[in-house]
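The structure displayed is predicted, hence computed values, not measured ones.
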Amino acid sequence: MKPANPQPPEADALARYRARRDAERTSEPFGGSGPRRPGLFVVHKHSATRLHYDLRLEHDGVLLSWAVPKGPSPDPDEKRFAVHVEDHPVEYADFEGVIPADNYGAGPSIVWDRGYWVNLPGEKHGLEHGKLLFDLYGHKLKGRWTLVRTRAPGAREWLLIKKPDAFARKGEAQKLPETSIYSGLEVHELPDLPARRESLRAELEARRLPRARVDPRTVELMLAETADAPFSRPGWLFELKYDGFRMVAAREDGKATLRYRRGNEVSRTFPELAVAVKALAYDCVLDGELVVLDERGLPSFGRLQQRTQLEREADIARMQVTHPATLFAFDLLSLEGYDLRGLPLRERKALLRRVLPEVGPIRYVEHFEERGREMYEEVRKLGLEGVMGKRADAPYKGGRRPDWLKVKGEYTGEFAVVGYTLPKGSRTGLGALDLAARDGERWIYVGSVGTGFTDRLLQGLRARLEPEAIPKPVFVGTPTPGRKHVWVNPSLVVEVAFGDWTADGMLRHPKLVRLREDKAPEECRLQDAPGHPDSREPPAVPEPAPAVAPAARADARTFTVTHPEKVFWPEDGYTKGDLVAYYRAISPWLLPWLKDRPLVLTRYPDGIRGKSFFQKDAPAFVPDWIRRQRIWSESVERDVDYFLCDDEESVAYLANLGTILLHVWASRVQTPQAPDWASIDLDPKGAPFAHVVQVARKIREICEAIDLPTVVKTSGSTGLHVLIPLGARCTHAEARGLAELISRVVASTLPDIATLERVIAERGGRVYLDYLQNGYGKVLVAPYSVRPLPGAPVSMPLSWREVTEKNGPKAFNIKNAVRRAEKWKADPLLAALGPAPDFGKVLARLGDELQRLMR
DNA sequence: GATGTCG
DNA sequence: CGACATCAACGCCAG
DNA sequence: CTGGCG
C-alpha cells in the first residue's frame, strides 16, 4: 500500500491544480464544506454545458482511487466495502439482472428494488446513455454491478459501478481492477400512475374538448415559415430547433406508431422509441423532431441518416445501442381521445409536459418566453441549428403558418478552390466550385458549391481558373462522382455560407457569398472552419500520390528496444532484452508460422509477474511498417486491425511491446475460412507427462491408420499440441469435427488416461483432449512462442521420435531453442503447412478403422 | 508499453 | 505532474 | 440462466 500522503510534487502546474481544486471544493454541493476528511466524495464539476460527477476516494487531499481495497480483508466479497467511508456512509445494492422497464415511458431503464427506477439524467442522454445501454443490454452485464448512493446530506445522486475484476475473481488480487462507473444517475420513486391518469382524464372531461380521433397517418402537420432574422416578441415562445426528421408518434389503444412527415411508418426502425411511446401512460398523438445525438449531446443529422437506412434486424439492434434515437416532442395533438388542436399552444405544451416522463428517449421540448434573439445567440454558440419561434396562443393548424417561424443559422467559412465542374444546360461559365481546406500539410476536400453565383461572377471565375487547370492538386476526400471535374491548383479563396457539416465532412447546403481576394488559400485551415467537429477523422481515401515524392520518406523499419535491462523473468534473471534477442534469433523458424496469420498477443509489459493483457487490435501508434489486416468482427460489430508479422523486425517490435506469448490463427488472411491445420491440445493438468506422450502417440497411430499425417510440438507449458495438416482445403467446422472425432476415439480407447471432461475436478488426473480450439478466429500458441513461466520455456516442434518423457514441457527455453533449431535441416512441424491429405482416401479408411477400434 | 484523459 | 484505464472472447456443458 | 473452462 502506498503512503497515504506522498511527497508534494515540485511542479508548479500541479500546485496550481491543487489550489484550484481546493478552491472548487468549498462550493461542492456534496460532502459539505470545511476541511475534508478521508472518505468517499462525489465531486461535481461544472463545465460549459453540463454537470460532471466523479467518485473518488481521497485521504488528506490525496487521491487514493476509489477502487483500491483498503487494508487486509479476509473475505474477498468484503472488499467492496472498500468504498466504505466514515463521514459519508454509502448505501449500496448489488442489483440482480436488469429489467427492461418499458414502464412509465422511460424507455429502457433499470428497475431496482421495486421501489425505484433509474435512468441517466437528461444531460447525459448522448453517447454515454448509449454506452450504458450497450453495457447493460448488449453484452457486458456479465460482471457484478453495484448501485451506490451516498448518504451525504442532500444527496440523491447514485452511481452504478461495475465491480472490479479483483472483487469478482477470487485469488487474483494482484490484477488491478478495470472499472466502469456511470455516475449522476437519477433515481426516481415510482409514481402513482393510476391516480394521475384519473385526475388528468377528469380534467380533460371538464374542458369540454372535442372527442375526435386525430389520425396520425393523415394528420396535416403545422409547418413554420422562415424568419428573416432572429427576433424577440412578447406572447411568443422560443424552442430549440433540432436537426432531424419530423416525426408523429402516436399511442392508440396501447399500440405505438412512429411516422415521418409523409406518413410512412418507421416504428421498426426505431424500436427504442416505439417501446417508449407504447409505454406512455396515455393514448396520445405527439408531434416532434426525431434526432440522434452525438457524443457531445448535439443532434447529428449524419447519424440519424445512418439509422434510417438500416433494414436488418441485427443492424437496428446495434444502432439502437450505439446511436440511440431521441424524440424531442414539442406538441400534443390528441390526448385520451380528445382533439387538442384547438387549444392554444401554451396549453397543449402544458399537457404535453404532464404526459411525458422526465427521462428516457422521448423528451419534452422546453421553451423560453419572448426572448428569442438572446436564445438564438446562445443556441448558435452551442452548435445547434437554430430556434423556433411560436405564438403562444395559436391553435395547431396544418400547413405552413406564420404563427410558427424558424430562425435558422448559417455558418460562413473560407475555402480554397481546387477545381470546378463544367456547366450544364443554359448555365454559363462553370457548374460548381470544388472546395478544400488545409489540414496541416494536406488539402481536405470539403465538397462543392454550385449556387449563389451571379452570372458576372460565374464568367469571371471561369476566366480566372481555366489557365491554371494543369496538374490535379493533391487532396484527401472524394469529390462528387458523376460530374466532370477540372482540377486547378489552389489559388483562389471563396467565402461560402453553409448550413452544417455532413457526417463525412462535406459542406451541407453551401452557397457562394463572395470572392476573398485578400486571403491566401493556405490560410483556409480546416480547424478554423466554423462548426467543424474538431476531432473529425479526415476521409481516409488519399487521392493520387503527390507529384513530388516527399524526400524519400525513409521507410525505416527500425525502432529502439526500450528498457532492455528490465527483468522479465525474476527467477531466472532473463530480461526484456533477452526476450527481444530470442525472438530475433528464432525468427527464421518462427516466421513461417506467423506469415499471413492474424495474431493475438499476450503482453506482459512488466514481466511474467506483472499485469498482462491480450491484444488483437493493433493500436494506432504502431509504426506503418508493421503489417495489419482489418477483419470484421461479428461479435463486437466492428473492424479489428490484427497484427500480421512477416519479418524479423516486426517480431522484435512486438517483443519490445512486452509480448511474451504469440497466438496465431489456423487460417491465413487469404483464406480466412479455411484452416491449414486441425489441432488437438493435450492438457495434463496434473497428469504425468508420460500419459501425455501415450495419448499423443495414440492420436498419431489412429491418424496414420487413416492416412492422416500428424505433427507435434510442446505447448511450452505442460502439454503437447498435435496438428493435422489440412492445406486450407476444408472449413473450420470440418476441422473441428475431425479433431473431435479423433479425440473421442482416443478418449474411449485410453479411458484411464484420457478424457474430454472439461471440469478439472472430474478429470481424475487424466489428460484432457481439447479439440475446441478449432474454429474461425480461434488461435493456437505459435510454435517457438515463449511462455510467461519460470525458465522461459518455449513451444517447440518435435519429431515423433522425440515425443518422449524426456522432452517434457520444460525441456526447451529461450536459451537453448535457437541452438536446437540450428541443427535441423528443417522444422519437423512444417508439414502442417504443407499440402492437404487425400481426404478421399482418409474417408474411405475411416469407417473400417472406427469399427476396428470400437470393437 | 504506449497512449489518452482527467484533475 | 501523476493516476488511471485500456488493450479478447465464445462455445460448451454441468449445476 | 449462470459459471467454469480453455
Side-chain angles (χ1 to χ4, degrees), chain A residues 2 6-22 24-25 43 45 47 52 54 56-58 61-68 96-97 139-144 162 164-165 168-170 176-181 535 559-563 566 568 576 598-607 610-623 633-636 640-643 653-661 663 679 681-683 685 715 717 719 733 736 740 756-763 768-781:
Chain A
K2 65 182 126 177
Q7 290 304 302
E10 325 287 340
D12 281 347
L14 186 58
R16 278 197 305 275
Y17 156 59
R18 287 198 160 166
R20 197 172 64 236
R21 180 199 58 190
D22 291 344
E24 276 171 5
R25 261 194 196 149
V43 180
K45 182 190 69 136
S47 72
H52 291 279
D54 198 3
R56 318 179 65 73
L57 186 62
E58 295 186 0
V62 174
L63 176 66
L64 296 179
S65 150
W66 70 275
V68 177
E96 314 256 340
H139 308 274
K140 294 199 193 160
L141 193 66
K142 291 208 172 149
R144 287 154 214 246
K162 175 164 191 191
D165 282 359
R169 242 184 248 170
K170 297 162 203 104
L176 272 185
E178 294 181 2
T179 56
S180 305
I181 303 180
S535 55
F559 68 97
T560 356
V561 178
T562 50
H563 313 300
K566 193 165 177 179
F568 266 32
K576 193 176 162 218
L599 301 181
V600 176
L601 318 181
T602 316
R603 294 177 51 191
Y604 291 76
D606 301 313
K611 66 153 185 174
S612 64
F613 57 91
F614 292 91
Q615 190 156 42
K616 291 183 168 180
D617 205 2
F621 63 78
V622 307
S633 162
E634 200 55 50
S635 53
V636 288
V640 172
D641 286 329
Y642 280 89
F643 284 106
Y653 179 86
L654 296 183
N656 183 54
L657 247 25
T659 307
I660 294 183
L661 203 48
H663 300 86
S679 68
D681 175 8
L682 308 188
D683 179 4
K685 196 68 97 242
S715 74
S717 127
R736 194 182 59 231
E740 175 177 4
L756 300 182
E757 175 60 55
R758 288 178 318 125
V759 175
I760 294 168
E762 303 297 316
R763 287 184 199 162
Y768 173 51
L769 290 154
D770 185 5
Y771 59 86
L772 289 164
Q773 249 343 294
N774 292 290
Y776 177 81
K778 292 266 202 296
V779 289
L780 174 75
V781 170

Using modelled atom types and a 3.5 Å cut-off, is there a donor and acceptor pairing between side-chain atoms of [X] and backbone atoms of [Y]?
{"X": "A:Arg603", "Y": "A:Gly658", "value": "no"}
{"X": "A:Asn656", "Y": "A:Thr562", "value": "yes"}
{"X": "A:Asp617", "Y": "A:Asp641", "value": "yes"}

[atom1] of [X] versus [atom2] of [N]: gap in Å, rounded?
{"X": "A:Leu756", "N": "D:dC5", "atom1": "CG", "atom2": "P", "result": "17 Å"}
{"X": "A:Glu757", "N": "C:dA14", "atom1": "CD", "atom2": "P", "result": "7 Å"}
{"X": "A:Asn774", "N": "C:dG11", "atom1": "CG", "atom2": "P", "result": "15 Å"}
{"X": "A:Leu601", "N": "C:dT6", "atom1": "CG", "atom2": "C1'", "result": "15 Å"}
{"X": "A:Glu740", "N": "C:dC13", "atom1": "CD", "atom2": "C1'", "result": "13 Å"}
{"X": "A:Lys616", "N": "C:dT6", "atom1": "NZ", "atom2": "C1'", "result": "16 Å"}
{"X": "A:Leu657", "N": "C:dT6", "atom1": "CG", "atom2": "P", "result": "19 Å"}
{"X": "A:Phe614", "N": "C:dA9", "atom1": "CZ", "atom2": "P", "result": "11 Å"}

Inset, instruction - Describe the nucleic acid contact of A:Arg763 in one word from base, sugar-phosphate, nothing, applying a heavy-atom distance below 4.0 Å. - result: sugar-phosphate
Inset, instruction - Check every strand shown and say whether A:Phe621 touches a base, only sugar-phosphate, or nothing at a heavy-atom separation below 4.0 Å. - result: sugar-phosphate
Inset, instruction - Return the 5'-most residue of the pair A:Arg736, A:Gln615 with respect to DNA chain C, ranking by each residue's nearest nucleotide. - result: A:Gln615
For the side chain of [X], counting heavy atoms from C-beta on, which of [options] is nearest?
{"X": "A:Tyr771", "options": "D:dG6, C:dC13, B:dA2", "value": "C:dC13"}
{"X": "A:Lys685", "options": "C:dC12, B:dA2, D:dG6", "value": "D:dG6"}
{"X": "A:Tyr768", "options": "D:dG6, B:dA2, C:dC13", "value": "D:dG6"}
{"X": "A:Arg758", "options": "D:dC5, D:dG6, C:dA8", "value": "D:dC5"}

Inset, instruction - Using side chain to side chain contact (heavy atoms under 4.5 Å, CB included) as the criterion, point out the one residue from A:Val781, A:Leu780, A:Val779 that pairs with A:Val600. - result: A:Val779
Legend entry - Shortest non-hydrogen separation from A:Tyr642 to A:Leu599 and the atoms involved: CD2-O, 3.4 Å
Inset, instruction - Please measure how far the C1' atom in D:dG3 lies from the corresponding atom in C:dA9, and state the result in whole Å. - result: 16 Å
